[in-house]
Amino acid sequence: MNYTQLFIFLLAAGMVNNCKASNSVSYHDNGISIAMDDINWQSHWESNNIGFHLDQTNPMLVKHWPKIRAVPKDMVFVPLCGKSLDMIELHKQGHFVIGSELSEIAVGAFFAEQNLDFTRQTAGEHEYWSSERIALIRGDFFTLSEESIPARFVYDRAALIALPPARQEAYIEQLLRIAPDIEQILLITVEYDDIAAAAPPFSIPPDRVKELYGEHFEIDLIETRDTKPTPRKQAQGLKVMTEHVFKLDRK
């Protein structure tokens with residue numbers, strides 16, 4: 001059992017002690033992920049250029065999560081989670097929530113803004129921030145150990161679309177390597193004209209989802225709707241984005 005597995009086991013057992021969140025915690029990042037450096041992820045948080053962050057729960061999560069078989073106390077993995085309020089929604093539904101996030105600024109902000117008590121422990125190149133039934137692993141998603149995330153359910157609103165096409169297949173491979181027991185994924189992507197394709201969120205149409213996930217999952221496109229582009233995309237001239245919601249079931 002590696003450290004991540006042990007940590008998550010202790011979290012689920014209620015054996016990770018908490019301390020009070022404090023604004024005195026330093027949120028300085030000491031390293032830059034090779035895998036994430038392509039999209040300058042750290043700089044977005046350092047400059048507070050986080051137009052991708054929603055200041056409310058994603059309505060597609062509220063609407064479609066009931067289609068996922070997860071029940072209270074099931075573990076849900078949220079890769080590249082930022083400080084998403086969707087994790088609070090999943091937590092309110094009784095789930096154990098495990099997030100993975102590169103930026104220490106994002107992780108620190110999540111616990112501070114939610115006023116959550118937490119512990120902070122370091123093992124190797126990752127840090128483990130935890131509260132009751134919720135934990136964020138701060139560090140490079142691509143260096144998490146094999147079979148380290150014992151979750152059967154995944155919620156992905158901002159991970160796949162944050163990665164350029166050249167990184168997307170590696171992301172899927174790593175997701176299945178670290179969480180081989182995944183049964184279902186609620187996946188949200190966006191699609192738009194190529195006018196703004198040089199930066200995240202990247203356009204991922206249904207055909208691309210099938211290309212990436214079709215070998216391992218049955219793919220059900222459960223909703224498509226037009227949505228407002230992020231501020232960056234609007235500045236690039238994009239007027240509308242199409243949002244797709246998928247339910248993926250393991251074959």
Side-chain angles (χ1 to χ4, degrees), residues 4 7-8 11 18-58 61 76-91 95-144 148-149 151 154-164 167 171 174-175 178 188 190 199-202 230-232:
T4 304
F7 175 82
I8 294 174
L11 175 72
N18 293 329
C19 63
K20 184 65 178 177
S22 170
N23 291 331
S24 66
V25 175
S26 172
Y27 299 149
H28 174 70
D29 273 301
N30 295 316
I32 297 178
S33 161
I34 295 174
M36 298 300 292
D37 191 45
D38 290 347
I39 58 172
N40 299 314
W41 195 248
Q42 304 278 30
S43 65
H44 284 289
W45 287 98
E46 291 167 358
S47 63
N48 199 36
N49 180 20
I50 54 172
F52 50 83
H53 173 73
L54 297 180
D55 58 5
Q56 61 183 0
T57 301
N58 191 307
L61 170 64
V76 179
F77 182 47
V78 185
L80 283 60
C81 59
K83 59 175 184 176
S84 174
L85 296 179
D86 295 345
M87 293 187 288
I88 297 299
E89 174 63 25
L90 292 167
H91 185 265
H95 300 306
F96 287 90
V97 180
I98 305 295
S100 172
E101 170 55 44
L102 179 66
S103 171
E104 187 173 1
I105 295 173
V107 174
F110 174 77
F111 284 96
E113 291 173 10
Q114 301 306 317
N115 195 30
L116 294 174
D117 296 347
F118 69 93
T119 66
R120 181 178 180 180
Q121 303 173 49
T122 301
E125 62 185 275
H126 294 94
E127 284 187 338
Y128 299 81
W129 299 52
S130 66
S131 185
E132 183 181 359
R133 286 193 295 105
I134 190 164
L136 304 189
I137 305 170
R138 205 227 27 115
D140 189 351
F141 166 85
F142 288 93
T143 60
L144 288 170
S148 58
I149 306 295
V154 173
Y155 172 64
D156 180 351
R157 183 199 74 84
L160 185 61
I161 61 175
L163 296 168
R167 292 287 185 186
Y171 163 76
Q174 172 68 349
L175 180 63
I178 64 176
I188 301 175
V190 295
F202 291 94
T230 61
R232 167 182 281 192

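What you see below is based on every heavy atom in this structure, not just the backbone, and it leaves out hydrogens, waters and symmetry mates.
Residue Leu144 comes nearest to Ile178 through the heavy atom pair O-CG2, 3.5 Å, listed as atom of the first residue, atom of the second, then distance. Shortest non-hydrogen contact noted between Ala109 and Lys83 is CB-CD, 4.0 Å. Heavy-atom minimum distance, Ser84 versus Phe110: O-CE1, 3.7 Å. The heavy-atom pair separating Leu136 from Cys81 by the smallest distance is CD2-SG, 3.9 Å. Closest of all the heavy-atom pairs between Ile98 and Ile149 is CG2-CD1, 4.3 Å. The minimum heavy-atom distance between Ala159 and Asp156, with the atom names listed, is N-OD1, 2.9 Å.
Annotation: side chain of Val190 is not in contact with side chain of Phe202 (no heavy-atom distance under 4.5 Å). At a threshold of 4.5 Å between non-hydrogen side-chain atoms, the residues Tyr155 and Glu89 do not count as touching. Side-chain atoms of Val154 and Val76, non-hydrogen and from C-beta on, never get closer than 4.5 Å to each other.
Distance alone, capped at 3.5 Å, places no donor-acceptor pair between the His91 side chain and the Ile134 backbone. Between the side chain of Asp86 and the backbone N or O of Thr57 there is no donor-acceptor pair closer than 3.5 Å. Remark: side-chain polar atoms of Glu132 are not paired, donor with acceptor, to backbone N or O of Phe118 under 3.5 angstrom. Under a 3.5 Å cut-off, the side chain of Glu101 and the backbone N or O of Ser103 do form a donor-acceptor pair.
Every residue meeting the salt bridge (Lys or Arg N to Asp or Glu O under 4.0 Å) condition with Glu127, not counting sequence neighbours, appears here in chain and number order: Arg120, Arg138. With sequence neighbours excluded, the residues satisfying side chain to side chain donor-acceptor pair (under 3.5 Å) with Glu125 are Thr143.
Phe141 and Tyr171 have their aromatic ring centers within a separation under 6.0 angstrom.
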